[in-house]
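Read the structure below first, then the notes.
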There are 4 protein chains.
Amino acid sequence: MKKAMPLVVKMDIFVDLPASQKGSHMSRNLELITEIIDANVESPVTDLETFCAQTAKLLLKKHEYATFSEVKAEADYFFERTYPSGNKGLEPYKLVAEARANNQGTIKKLIGVRAIGMTACPCASEVIKTIGNYEEKDIPPTHNQRNITTLMIEVPGDDKSVDANDLIDLVEQSFSSPTYEILKRKEEGKLVFNAHKNPKFVEDVVRDILSSLLKEYKNLPDDVLVVVRSESEESIHKHNAFAERITTLGELRK
Amino acid sequence: MKKAMPLVVKMDIFVDLPASQKGSHMSRNLELITEIIDANVESPVTDLETFCAQTAKLLLKKHEYATFSEVKAEADYFFERTYPSGNKGLEPYKLVAEARANNQGTIKKLIGVRAIGMTACPCASEVIKTIGNYEEKDIPPTHNQRNITTLMIEVPGDDKSVDANDLIDLVEQSFSSPTYEILKRKEEGKLVFNAHKNPKFVEDVVRDILSSLLKEYKNLPDDVLVVVRSESEESIHKHNAFAERITTLGELRK
Amino acid sequence: MKKAMPLVVKMDIFVDLPASQKGSHMSRNLELITEIIDANVESPVTDLETFCAQTAKLLLKKHEYATFSEVKAEADYFFERTYPSGNKGLEPYKLVAEARANNQGTIKKLIGVRAIGMTACPCASEVIKTIGNYEEKDIPPTHNQRNITTLMIEVPGDDKSVDANDLIDLVEQSFSSPTYEILKRKEEGKLVFNAHKNPKFVEDVVRDILSSLLKEYKNLPDDVLVVVRSESEESIHKHNAFAERITTLGELRK
Amino acid sequence: MKKAMPLVVKMDIFVDLPASQKGSHMSRNLELITEIIDANVESPVTDLETFCAQTAKLLLKKHEYATFSEVKAEADYFFERTYPSGNKGLEPYKLVAEARANNQGTIKKLIGVRAIGMTACPCASEVIKTIGNYEEKDIPPTHNQRNITTLMIEVPGDDKSVDANDLIDLVEQSFSSPTYEILKRKEEGKLVFNAHKNPKFVEDVVRDILSSLLKEYKNLPDDVLVVVRSESEESIHKHNAFAERITTLGELRK
């Protein structure tokens with residue numbers, strides 16, 4: 001059984017405006033969010049994407065002139081991880097969710113996570129093997145850096161199979177290594193060594209997430225939307241490396 | 001001979017306000033900056049700290065009720081570097097400058113730079129040497145990351161010895177390695193390999209800058225203020241490592 | 001005759017990657033930008049969107065495995081305005097540009113500007129007229145705030161009619177009032193008074209820009225893409241009000 | 001009786017480093033924060049400044065080579081306010097706290113808040129009265145804007161009189177008006193009208209906060225440190241207006 005966790009949520013909310021309407025009644029947006037929050041204090045929502053979908057639906061009710069609505073939410077999120085030491089601790093993530101509703105009754109909702117990890121460069125690794133006269137068995141140094149990756153996936157209306165915690169696992173397993181807030185010297189050494197055995201371009205991170213999604217969510221239909229964005233704060237450059245794929249499960253299954 | 005280089009400068013400007021004055025005449029601030037800029041189009045200032053000092057002095061003239069003034073400036077700056085390939089290219093930096101004036105006629109001015117480089121961790125390096133069974137001669141992998149370091153130094157009134165370009169050199173030589181926007185595969189390999197031969201904590205970057213300053217600026221008096229701040233965007237953690245020292249040359253010479 | 005103006009440009013550049021290619025050769029991106037910049041020092045580009053289009057085209061040449069490319073650029077920009085005092089001064093803006101190219105030889109490019117102005121609220125104005133017992137002729141107080149608006153328009157390949165400076169005029173005329181860095185007391189009073197005679201919702205700013213575009217660019221074809229985004233940092237709320245329209249001139253002409 | 005409220009806290013933590021020590025053992029910082037947090041789950045701290053003071057003290061214990069430590073914390077905070085409609089709702093603020101400890105056993109701690117409100121300009125108001133031919137009794141329009149103000153005050157070791165909620169009240173009463181997330185048309189009108197009856201420069205906000213502090217905290221000793229910073233996002237300019245005072249209660253009492 002899960003217990004309720006309070007989240008501080010930053011939201012963007014939108015409705016369209018017909019040509020005949022001068023401006024939208026913006027106070028209604030905040031009112032309805034207050035209503036939803038008040039209702040949730042009594043009976044917490046199960047997840048952030050459901051909160052967004054509720055909000056998107058209510059927006060259309062309150063703004064009777066609107067034909068569609070859009071809600072985006074982002075929240076700090078802490079998830080318990082087992083450190084290499086075997087101890088447990090909370091690591092920081094972002095939860096992200098979106099919902100879009102129209103006045104034909106269609107609602108789309110997405111849930112996602114943003115996680116920070118490490119990527120080690122495969123390309124420099126190969127070159128340094130030669131430059132440094134390393135033996136075949138040795139793992140040579142390479143540049144590595146902080147990587148920030150966002151994964152979002154559409155959740156069909158009645159689906160219960162997508163859980164944000166699973167998405168965090170899936171993203172972290174696609175880095176060269178996950179990273180942790182507390183690492184003693186030896187654990188730090190092992191983590192870095194393992195990351196170097198598993199070098200990844202930013203493009204690899206995106207590819208490996210998509211490939212894991214296919215295995216993990218066989219039950220989800222073809223039209224499910226998937227968004228993956230990965231950015232490495234390159235340690236050897238002053239600019240970042242970035243890869244992105246926006247696609248559907250159906251497209252990936254081809 | 002140098003040629004004039006236009007800078008886009010972001011400024012913070014302050015004057016104090018006596019108890020008898022309700023508010024400062026803020027339009028005067030922008031007016032005087034326009035005057036200084038107009039004058040500079042005719043005859044460019046030699047450097048950003050002189051521009052700040054001019055502004056600080058004029059602020060006291062325009063705000064006759066003020067007893068001191070403070071000016072801070074920051075600008076994008078591009079400086080030609082020789083890449084490992086032997087080609088030359090412009091790399092991006094920040095120029096930072098400050099000046100403080102009072103109505104006794106004292107003006108203090110500081111010039112500084114902010115540069116991005118790479119640090120490789122000495123601690124993980126040692127541990128991995130053992131974990132990975134590296135031979136004594138081998139350089140083991142370690143975590144490395146983007147580091148952002150700011151150095152500011154006070155420039156006595158008539159001094160001509162402090163040049164921002166020299167400060168950039170000095171900061172870049174204190175990283176495990178400077179970084180470059182263009183690196184072909186082999187150059188990238190060499191740079192990363194060299195950085196690993198020269199591992200540095202964030203504390204080392206600050207210490208090495210201070211030690212270089214002492215050698216470089218033997219002529220400057222003891223009361224010259226020095227500010228060094230270094231921040232590593234740790235690739236194995238989600239938080240940053242930060243070191244800072246604010247001191248005088250006299251204190252360092254002890 | 002215009003004289004060349006140096007710009008500090010922040011860029012995002014992308015190419016797609018076929019399934020068969022592990023990663024993109026990222027050093028090529030920076031090389032080609034250096035080449036373009038070097039060429040431009042000799043013979044400056046006429047505008048930022050042409051610079052983006054050149055870059056997008058060259059990206060496809062350098063990354064022979066890519067089928068499309070995308071380039072986004074943003075730069076600080078200063079434009080001479082006549083202040084209410086009659087004096088002239090430079091006001092700060094952002095220039096934004098984008099280009100997308102594919103290997104069928106199609107290139108799309110957009111130019112745009114981001115400007116800061118003031119909006120005064122029409123709704124509170126009406127209410128306060130009653131609350132404060134103002135006479136019919138009087139302009140009552142209302143809340144007003146800083147507004148940040150971005151306008152981008154597609155520039156067909158050989159078109160010479162779209163100029164960023166005109167876009168700045170067009171955006172500034174759609175605020176309740178443009179704002180200026182230097183205003184003496186009386187000018188400030190007049191500007192604020194005029195803004196209150198011309199109250200605007202954030203939705204009005206977007207609408208008025210679109211309507212001006214239609215009048216100004218009668219020559220441009222129907223498929224020209226237009227993007228307008230306006231955000232008011234509401235002085236009576238802690239959240240912002242935001243309006244956006246992404247459309248084509250053809251759609252607007254209906 | 002208060003109930004415990006979970007906070008997501010962003011922290012900066014520092015210890016000094018003797019010349020003899022190459023680097024600080026940074027993993028200890030995160031370990032001790034985890035320990036403190038674990039202890040607090042069992043028995044929540046009474047306030048954020050006590051949490052900072054505990055952390056500062058423990059830092060010195062864990063880093064036996066250090067002679068002083070510094071801790072800064074910032075957290076989103078929601079506080080129930082009564083809206084002009086009489087309804088109640090949560091408004092967003094920031095809690096800020098700092099503590100500094102040394103190995104002589106001295107600990108200083110500060111608590112503070114950051115609040116957003118509205119300032120209406122007194123200067124333009126006067127001018128517009130003339131320009132617009134307003135009657136003596138009328139409140140003329142003026143420019144108003146979002147203002148962000150931070151107040152921090154030192155809390156002597158055993159003091160119980162300083163409460164963050166009181167500081168929020170004190171800051172909000174120093175704006176031309178507090179602002180609210182939910183305002184119906186008429187309430188919005190009244191709020192804006194009242195703000196215009198109470199115009200304030202950014203300097204006035206700082207002055208009025210300091211003057212309220214003197215009245216509110218008569219019991220606190222003279223050496224209590226006070227920091228006030230107020231920034232107005234000027235609606236008639238593209239730059240901000242900023243005022244700051246760092247002083248002691250003793251200095252203010254003179």
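Values in this document were obtained by computation on a predicted structure and should not be read as measured data. Here is the naming used below: chain letters follow the sequence lines, and residue numbers restart at 1 for every chain.
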At a 4.5 Å cut-off on heavy atoms, which part of [X] comes close to chain D: side chain, backbone, both, or neither?
X         : answer
Pro92(C)  : both
Asn194(C) : neither
Tyr180(C) : backbone
Lys190(C) : both
Glu234(C) : both
Ile139(C) : both

Worksheet item: Closest approach of Pro140(C) and Pro141(D), non-hydrogen atoms and distance?
Response: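 Reported closest heavy-atom pair: O-CG, 3.7 Å.
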Identify which of [options] forms the greatest number of heavy-atom pairs closer than 4.5 Å to chain C.
options                                    : answer
Leu183(D), Asn133(D), Leu191(D)            : Leu183(D)
Glu126(D), His143(D), Gln145(D)            : His143(D)
Ile128(D), Ile236(D), Ile116(D), Val127(D) : Ile236(D)

Fill in: Nearest-0.5 Å distance, NZ of residue Lys186(D) to OG1 of residue Thr130(C)
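Lys186(D) atom NZ to Thr130(C) atom OG1 measures 8.0 Å (nearest 0.5 Å).
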Fill in: Spacing of Arg146(C) atom CZ and Glu233(D) atom CD [to the nearest 0.5 Å]
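Arg146(C) atom CZ to Glu233(D) atom CD measures 6.0 Å (nearest 0.5 Å).
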Worksheet item: Just by distance, do the side chain of Asn144(C) and the backbone of Thr142(D) share a donor-acceptor pair under 3.5 Å?
Response: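 Yes.
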Worksheet item: Counting only N and O atoms by type, is there a donor-acceptor contact under 3.5 Å from the side chain of Lys238(D) to the main-chain atoms of Glu181(C)?
Response: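 Checking the backbone N and O of Glu181(C) against the side chain of Lys238(D), no donor-acceptor pair under 3.5 Å is found.
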Worksheet item: What do you reckon, is NZ of Lys137(C) surrounded by more than 12 foreign heavy atoms closer than 6.0 Å?
Response: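 More than 12 heavy atoms, drawn from other residues, nucleotides or ligands, come within 6.0 Å of this atom.
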Worksheet item: Heavy-atom distance under 4.5 Å to chain C: side chain of Asn147(D), backbone, both or neither?
Response: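 Contact with chain C: none, neither part.
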